[in-house]
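Ligands are counted one by one from 1 in listed order, and the atoms in each one are counted from 1 as well.
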Amino acid sequence: MLLHLQTWPEVETYLKRSTAIIVPIGSTEQHGPTGLIGTDAICGEAVGRKLGETTNTLVAPTIAVGMAQHHLAFPGSMTLRPSTLIAVVKDNVESLARHGFSHFYFVNGHGGNVAPFSAAFSEIYAEASLMRASNRPNVRCRLRNWYDSGRVKEISRELYAGAEGSHATPSEVSLTWAVYPEAVRRMKLEPEIAPRGSFTDAADYRRNFPDGRIGSNPNLASIEAGQRLWDAAVADLAKDLAEFVAEPA
Ligand code: NI
């Protein structure tokens with residue numbers, strides 16, 4: 001059930017049985033020489049939408065541009081400043097809260113989003129705390145990284161051990177291939193497993209990680225692995241979502 005494919009009377013009816021909504025979030029940024037620019041948004045969206053089907057929960061439009069300033073030295077990458085992203089999250093939540101949505105479950109595909117989303121949740125809660133006399137609706141927000149779920153971690157370890165890395169990982173590339181089989185691309189990567197390390201801004205990132213990958217060998221990706229990871233993430237998050245929805249707003 002996708003919000004953008006509903007009518008307003010259908011949303012009104014939905015709100016009588018549930019006030020929860022799933023919001024897929026990702027990023028639009030380079031993912032090495034073979035990974036898609038949309039990898040993180042594709043992954044968040046694929047997991048979020050299947051989670052919505054499995055749990056009969058409404059799914060909001062994907063927030064597809066995230067905080068990815070460190071990728072800007074590679075063509076095609078886009079970013080919101082942290083402060084912009086915080087404002088975007090706040091406005092998204094508050095517009096839906098106005099209609100009665102109370103539980104916001106963000107399915108995330110990008111590590112750079114975690115800090116700004118956490119700050120956005122604090123902003124939202126701070127307004128509720130500071131304006132006690134207002135009739136603001138109560139909301140509860142949770143962010144989960146699809147790639148951090150227990151079963152996903154197990155499969156990544158089993159299949160990719162020391163070649164998973166942390167950017168342009170074979171796990172996330174596999175998932176994009178399961179969603180878009182026509183996106184499969186492999187090429188010789190030198191070195192096979194990319195270097196590891198830290199970064200600050202875009203120039204520093206490109207200096208340290210010349211082809212964009214960090215610690216990974218995405219040539220190990222496969223459509224079959226992507227399907228397994230997709231199912232595993234949805235199974236883990238469905239359980240977590242049920243617990244979340246049971247908590248008071
Ligand atoms: Ni990614």
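- A side-chain donor from one of S18 and Y14 sits under 3.5 Å from a side-chain acceptor of the other.
- Evaluation of the side chain to side chain contact (heavy atoms under 4.5 Å, CB included) rule for T79 yields M67, A68, Q69, L72 as partners, not counting sequence neighbours.
- E182 pairs by the side-chain hydrogen bond (donor to acceptor under 3.5 Å, both in side chains) definition with nothing, not counting sequence neighbours.
- Partners of E164 under the side chain to side chain contact (heavy atoms under 4.5 Å, CB included) rule, at least two apart in sequence or in another chain, are S156, Y160, T169, P170, S171.
- Proximity of a side-chain donor or acceptor of H167 to a complementary backbone N or O of Q30 within less than 3.5 Å is detected.
- A salt bridge links R228 and E158; the closest N-O separation between the charged side-chain nitrogens and carboxylate oxygens is under 4.0 Å.
- Near the Ni ion (ligand 1), less than 2.8 Å away, sit the protein N, O or S atoms H31 NE2, D40 OD1, E172 OE1.
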